[in-house]
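Reading through the structure tokens given below for one structure.
Heads up: numbering here begins at 1 and tracks the sequence. Predicted model, so just to flag it, every value in this text is computed and none were measured.
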Amino acid sequence: MPGASPIQTSFNGGELSPLMYGRVDFDRYRSSLATCLNWVPLVQGALTRRPGTYFCDEVRDSTKATRLVAFKYSTTQAYLLEFGDQYIRFKKNGGPITLTAQNITGITQANPAVLTYSGADTYANGDHVEISGVSGMVEVNSRRFTVANVNAGANTFELQTVDGTNVDSTGYTAYSSGGTVAEVYTLSSPYVEADLFELKFVQSADTLYIFHPDYAPRTLVRASDTSWTLATITFLDGPYLPMNTTTTTLTPSAFAPGAGVTLTASAVTGINDDTGFQTTDVGRYIRIRQGSVWGYVLITGWTSTT
């Protein structure tokens, strides 16, 4: 029998799961693909080659896993967040976000090389910096270095590679003038390498909500390119466990909104699997109903199981 090559004029169905093979009754079957490697389907139906990639930045420690998370603040401002082992970094416009650059006044030809800068003392050992615009010792331009042995009084620090090796500049061209050094903006975080890929994210405007079963929920809030705040979420009035339907009641020592009161339970039944209040309950909220009126309190101290 002669072979047939049916024409496919649209590919905007994208790739189909193997479970869909043979489903000729599926409306988008005729515009789909089994494999779409290195191509991007367009909504208009055609295909275009995927764009190339380029090296835009180096992570803090290449021996450890990192995770990239998209953060779109507006139609004109978008970021890529680098979540690493107990840190977060920020990318924008194809490169890392750095703090305000400071002028370089000298770099020694030595092992290790010592850089002198002018301005405020903002550096700490272990910081990553980028150098550019140096005349003479051009070997250091457009490179990432690690700060070591900061001398705040003298406005100097030693240069190391990102893997912690001293930079030997004895064979470099002598420094003559100019150049700037900029610190890579880095935010500390509690998330260790092993937990990065279990993080869940939800964004609302300039706030990113971060969740993990082993950490308190947190928010990452953007104020500007170089001002981000990571904080634990303080919940008010919930969320709560299912309502206690036993006969156990709670009696407050007073009705004093905003003031401290003592709650006394009539029994331990229905509280923490019938074990009553525990010291670990400090910091939890309790919702109480009196008639048809609901209120809530925060446990600030523990006396006994009731």
Side-chain angles (χ1 to χ4, degrees), residues 1-85 87-98 128 130 132 141-144 162-163 184-187 189 191-213 220 222 224-226 228:
M1 293 179 62
S5 300
I7 296 174
Q8 182 167 341
T9 59
S10 177
F11 305 90
N12 58 14
E15 280 193 4
L16 280 183
S17 162
L19 297 175
M20 296 295 292
Y21 291 173
R23 284 293 307 274
V24 294
D25 59 323
F26 180 53
D27 288 343
R28 305 193 69 176
Y29 185 88
R30 294 169 183 81
S31 62
S32 300
L33 300 137
T35 302
C36 186
L37 180 64
N38 292 330
W39 293 86
V40 179
L42 303 177
V43 293
Q44 293 84 357
L47 289 171
T48 184
R49 288 184 181 273
R50 68 156 178 84
T53 60
Y54 73 101
F55 182 81
C56 71
D57 194 22
E58 187 165 357
V59 299
R60 186 161 73 175
D61 188 344
S62 295
T63 66
K64 296 183 177 182
T66 55
R67 182 178 178 182
L68 297 178
V69 178
F71 183 99
K72 187 175 182 180
Y73 174 67
S74 70
T75 56
T76 59
Q77 297 187 68
Y79 302 85
L80 199 59
L81 312 185
E82 174 194 324
F83 279 76
D85 185 29
Y87 78 91
I88 307 171
R89 283 181 173 172
F90 309 87
K91 327 291 180 185
K92 183 181 179 182
N93 297 332
I97 291 178
T98 58
H128 280 192
E130 293 192 340
S132 62
N141 284 331
S142 302
R143 288 180 60 186
R144 175 75 56 84
V162 291
D163 62 2
V184 178
Y185 180 56
T186 305
L187 191 66
S189 86
Y191 307 114
V192 298
E193 176 190 8
D195 298 328
L196 296 178
F197 292 91
E198 294 181 356
L199 297 174
K200 303 295 183 183
F201 305 93
V202 178
Q203 185 184 344
S204 175
D206 59 359
T207 301
L208 184 69
Y209 294 87
I210 308 174
F211 303 93
H212 188 283
L220 180 63
R222 170 201 177 274
S224 68
D225 286 354
T226 56
W228 298 69

Taken to the nearest 0.5 Å, the spacing of Phe71 CZ from Gln77 CD works out to 10.0 Å
Looking at side-chain heavy atoms only, is the closest gap between Glu15 and Thr35 below 4.5 Å? yes
Which heavy-atom pair separates Phe26 from Arg30 by the least distance, and what is that distance? O-NH1, 4.1 Å
Main-chain N/O of Pro96 paired with Thr98 side-chain donor or acceptor, under 3.5 Å: no
Of all residues at least two apart in sequence or in a different chain, which pass the salt bridge (charged side-chain N to carboxylate O under 4.0 Å, His left out) check with Asp163? none
Rounded distance (nearest 0.5 Å) linking atom CG of Leu196 with atom OG of Ser189: 7.5 Å
Cys36 to Leu47 - nearest heavy-atom pair and separation: SG-CD2, 4.2 Å
Going through the distances and angles, do Arg49 and Trp39 end up as a side chain to side chain contact (heavy atoms under 4.5 Å, CB included)? CA-CA 4 Å; Arg49 288 184 181 273; Trp39 293 86; 3.8 Å; yes
Apply side chain to side chain contact (heavy atoms under 4.5 Å, CB included) to Phe211 and Leu199, showing your working. CA-CA 6 Å; Phe211 303 93; Leu199 297 174; over 6 Å; no
Minimal non-hydrogen separation, Leu220 against Trp228, with atom names: CG-CE3, 3.9 Å
Using the test side-chain contact (heavy atoms from CB on, under 4.5 Å), find all partners of Ser142 that sit at least two apart in sequence or belong to another chain. none
Heavy-atom closest pair, residues Val59 and His128: O-CE1, 4.5 Å
Are Leu187 and Tyr87 packed together at the side-chain level, in the sense that at least one heavy-atom pair is separated by less than 4.5 angstrom? no
How many angstroms lie between atom CZ of Arg60 and atom CD of Glu58, to the nearest 0.5 angstrom? 13.0 Å
Could you measure the distance from the CZ atom of Arg89 to the OH atom of Tyr185? Nearest 0.5 Å is fine. 12.5 Å
Could you walk me through whether Asp61 and Glu193 pass the side chain to side chain contact (heavy atoms under 4.5 Å, CB included) test, one step at a time? CA-CA 11 Å; Asp61 188 344; Glu193 176 190 8; over 6 Å; no
Restricting to non-hydrogen atoms, name the atom on Phe197 and the atom on Thr66 that form the minimum distance, rounded to 0.1 Å. CZ-O, 3.3 Å
For Tyr73 together with Tyr79, are the ring centres under 6.0 Å from each other? no
Less than 4.5 Å apart, any side-chain heavy atom of Met20 and any of Ser32? no
Just do the side chain to side chain contact (heavy atoms under 4.5 Å, CB included) check on Ser62 and Val162 with the steps written out, would you? CA-CA 9 Å; Ser62 295; Val162 291; over 6 Å; no
Counting C-beta onward and ignoring hydrogens, is there a side-chain heavy-atom pair between Leu68 and Glu82 closer than 4.5 Å? yes
Any Arg28 side-chain heavy atom under 4.5 Å of Asn12 side chain: yes
All ring-ring contact (aromatic ring centres under 6.0 Å, His included) counterparts of Phe201, not counting sequence neighbours: Phe83
From Leu16 atom CG to Ser31 atom OG, the distance as rounded to the nearest 0.5 Å: 8.0 Å
Closest heavy-atom contact between Lys92 and Asp225? NZ-OD2, 3.0 Å
Reported CG-to-NZ distance for the pair Leu80 and Lys72, which is rounded to 0.5 angstrom: 13.5 Å
